[in-house]
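Beneath this line is the structure, given in structure tokens, with notes to follow.
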Amino acid sequence: MRVAKFFNLVAALALFAFVGTAAAADPAQPAAVLSNTDCVKCHEQPPKDIAAAGGKHKTEVTCQDCHVGHPPKVKKPIPQCSQCHDGKPHYKLQGCLGCHSNPHTPKNIKFGNNVTDPCLTCHSGQIEQLRTFKSKHTALNCSFCHNVHGRIPACTQCHKPHSNDMVAKDCKVCHQAHKPADVTYKSDTPSKMCAACHGKAFSLLTASTAKHSKLACVYCHQNKHKMVPQCTQCHVKPHPAAIMAKFPKCGECHSIAHDLNRWGDAAAPAPAPAKPAAKPAAKPTAKPAKPAKK
């Protein structure tokens, strides 16, 4: 029995020596290099995600650019975002996966309702407008409206339109979301947009027979909401100086710009107050008669 074990041990040592000698004789074999096609054999979902919404992770990097190795050779194959993303304030934020939950679809970002600070590292212009032009929007977190990155909500999601024939895209004609109360508009803005809020003025204007009724609202109220022009901006010298001196306010004769030449409604000068009538002179009080002597 002992003899058999001895011969087995000798045979094993001889085989080991032979293999070692053969290996030493062969040149060193090159290390195996993984490719994307190797990754797909086991990791099916990440390549699908990258193909669908990978952004620059799809076009500018390969699997091996991020994952520099594979277990057991590499113990931690998941990289830090800062391995590639550096040099901007946004990349200094902590907890990248809080917003970029799937690095294979990096711009598919969802937020809670109380996120603002991370947004400001990229979107500085928007927060500057919100702080300069105060409105109710100023008090909201960015993610109250933009709960998905890149999503621009319709204004009608929160705000009722001014009239039934207005749709969401009409809001942007006058309002900018980050300074909504600073209302501006273009020179081709239709008057019906103004009429949605200024119904009385619009009704008077369209019913008028004066030339103003043929003009769009923005012809006079140019560029900015609440801009009220002076009549002399268009009517430079409407009357001789003597008339202008006697009636310095156009509205004294012409009523208002939306309803011109309502002569009967023009304010007439108030009549001078009548002098109070003179009181009659008081009659002297008669002295009581003396009693007759008996």
Exercise for the section: For K75, check salt bridge (charged side-chain N to carboxylate O under 4.0 Å, His left out) against everything at least two apart and list the hits. Expected result: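 Partners of K75 by the salt bridge (charged side-chain N to carboxylate O under 4.0 Å, His left out) criterion come out as none, since no residue qualifies.
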Tell me which pairs pass salt bridge (charged side-chain N to carboxylate O under 4.0 Å, His left out) where either residue lies in [range], with sequence neighbours left out.
range	value
residues 234-245	none
residues 200-225	D182-K224
residues 153-175	none

Handout entry: side-chain hydrogen bond (donor to acceptor under 3.5 Å, both in side chains) partners for Q157, two or more places apart
Key = R151
Output all residues satisfying side-chain contact (heavy atoms from CB on, under 4.5 Å) with [X], sequence neighbours left out; order by chain, then residue number.
X	value
S203	none
P46	H43, H104
T116	L120, N141, C142
A196	H162, S163, M166

Handout entry: Set of residues satisfying ring-ring contact (aromatic ring centres under 6.0 Å, His included) with respect to H198, sequence neighbours excluded
Key =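 ring-ring contact (aromatic ring centres under 6.0 Å, His included) check on H198 returns H225.
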Practice task
With sequence neighbours excluded, tell me which residues meet ring-ring contact (aromatic ring centres under 6.0 Å, His included) with H123.
Solution key: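 In terms of ring-ring contact (aromatic ring centres under 6.0 Å, His included), with neighbours along the sequence ignored, H123 is linked to no residue.
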Practice task
Give a yes or no on whether the ring-centroid distance for H137 and H159 is below 6.0 angstrom.
Solution key: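 Between H159 and H137, which both carry aromatic rings, the centre distance is below 6.0 Å.
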Under 3.5 Å donor-acceptor pairs involving side-chain atoms of residues 76-96, not counting sequence neighbours:
residue	atom	partner	partner atom	Å
Q83	NE2	D65	O	3.2
H90	ND1	T121	OG1	2.7
Q94	NE2	K92	O	3.4

